[in-house]
Number of protein chains: 2
Amino acid sequence: MDARTLCLGALELGDASGYEIKKLYEEGDLSHFYAVGFGSIYPALTRLVQEGLAECHEQPQDKRPDKKIYRITPKGRSELIRSLAVQPGPDKIRSELCFLLLFANLLPAAQIEKLIDDRIAWYREQMAEIDACEAEHPDAEASARFLGGLGHAIYKAAADYMAAHKSEIIAAAQAPMPGAARAAE
Amino acid sequence: MDARTLCLGALELGDASGYEIKKLYEEGDLSHFYAVGFGSIYPALTRLVQEGLAECHEQPQDKRPDKKIYRITPKGRSELIRSLAVQPGPDKIRSELCFLLLFANLLPAAQIEKLIDDRIAWYREQMAEIDACEAEHPDAEASARFLGGLGHAIYKAAADYMAAHKSEIIAAAQAPMPGAARAAE
DNA sequence: GGTTGCATGTAAATGGTTACATGATTGT
DNA sequence: ACAATCATGTAACCATTTACATGCAACC
């Protein structure tokens, strides 16, 4: 998903500065499905203004650089709706851990076990974050709640699967040497 | 995940040509977690040979361009293990559909419903593919089976969640006009 | 005194996607 | 006839990531 559309969508949700858009995609339910960095956001915002899809209101602040609040224009909203009309591509799961796990046989079982345990803990953290987010915003829009629930369900499935099948992958990893004596045989 | 490491990993799994590596990441259990295109594979393979991490054996074929079979070298295997040692980054879910759903209120309910139904069907297709893959290779390595199972669990969670909560997001979308008369009111 | 948060931006480097170029075979 | 499969590769294009540049305030 390109930064331009991501910014346009963020502005449709409410007026914001570049800094705030970053936070939007870093915290909250949206963070689980997308990401953007400053290096993409600021140029994208400049371009949106040039194209007339957003307008910028500078808000002077003391002891801080001016805050630039962007607002979507009617033209911007049409453009967003147009880009929403195109058939969305398939969902993608990208996991470096899964790549690593594919070569479990090359790695010591202890390392694999730690990696799995850490990842299960991470999944549970993400779930807790989503729960916290929902508790914080009980009046959130239905669509935001739907996304949060979907993220939660996916993380839960991954955590549960890993917990249930952990032993299988550990059995595939390099067995630890039961003792130095054995290693020297 | 960069193409170079993806290729190195593929070769660790067995000797292959560029074309075969593409297939490996396009079909089978691995396809759900990564992707690579020819434009990345061929330059990556050339580089691996230059770096001494793989070697290439040309296999002439009649009526076809020569097939170039690549094999990982011991140096390549060490390099792979080294790259496996670095702490894997967090898992990422990327979904254009979820971005769209965030703006369900801007779109007609019928469109949202179709999108959801299509996606549920797609998830179920992916699950069936994984099942078929497992039925085809009953003697697959434990790590490959683990990944297939994980993919299956994630797709199932997403499909089930969407089926169960479909009505909520449809309620948030633009209600269809019950009749032309109403629209003209 | 060091880190985090607020706040914006540019430029280089990196690297992937897409399009192009070639061409025979097999299946519909 | 037309599409798909097999088979490799280059080059332009596009975009993100990363590093750099600046600077104050608040907290530990």
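A, B, ... follow the sequence lines: proteins, then strands. Residue 1 opens every chain.
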[N] [atom2] sits how many Å from [X] [atom1], rounded?
X: A:Tyr25; N: D:dT16; atom1: OH; atom2: P; result: 12 Å
X: A:Glu20; N: C:dT8; atom1: CD; atom2: P; result: 8 Å
X: A:Lys23; N: C:dT4; atom1: NZ; atom2: P; result: 17 Å
X: A:Asp66; N: C:dC6; atom1: CG; atom2: P; result: 18 Å
X: A:Tyr42; N: D:dT17; atom1: OH; atom2: P; result: 15 Å
X: B:Ile41; N: C:dT17; atom1: CD1; atom2: P; result: 10 Å
X: A:Tyr34; N: D:dA15; atom1: OH; atom2: P; result: 19 Å
X: B:Lys67; N: D:dT5; atom1: NZ; atom2: P; result: 16 Å

Where the side chain of [X] is concerned, which of [options] is the nearest nucleotide?
X: A:Tyr70; options: C:dG16, C:dG9, D:dG9; answer: C:dG9
X: B:Tyr19; options: C:dG5, D:dC6, D:dT16; answer: D:dC6
X: B:Ser40; options: C:dT10, C:dT17, C:dT8; answer: C:dT17
X: A:Ser17; options: D:dT8, C:dC6, C:dT8; answer: C:dT8
X: B:Ala3; options: C:dG16, C:dA7, D:dT16; answer: C:dG16

Presence of salt bridge, B:Lys23 and B:Glu27, under 4.0 angstrom: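 Judged by the 4.0 Å cut-off on N to carboxylate O distance, B:Glu27 and B:Lys23 do not form a salt bridge.
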Any donor-acceptor N/O pair, B:Arg94 side chain to A:Lys92 backbone, under 3.5 Å: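 The answer is no, because no donor-acceptor pair under 3.5 Å joins these two groups.
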Listed once per pair and sorted, the side-chain hydrogen bond (donor to acceptor under 3.5 Å, both in side chains) pairs that draw on residues 132-148 of chain B, sequence neighbours left out: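 Applying side-chain hydrogen bond (donor to acceptor under 3.5 Å, both in side chains) to every pair that reaches into residues 132-148 of chain B, excluding sequence neighbours, yields nothing.
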Pairwise 5' ranking along DNA chain D for A:Gly37 and B:Lys68, keeping only the more 5' one: B:Lys68
Derivation and outcome, salt bridge (Lys or Arg N to Asp or Glu O under 4.0 Å), residues A:Arg4 and A:Glu79: CA-CA 11 Å; A:Arg4 185 170 154 273; A:Glu79 171 66 20; 3.4 Å; yes
Where A:Gly76 and A:Leu8 come nearest, the two heavy atoms and their spacing: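 For A:Gly76 versus A:Leu8, the nearest heavy atoms are O-CD2, 3.6 Å.
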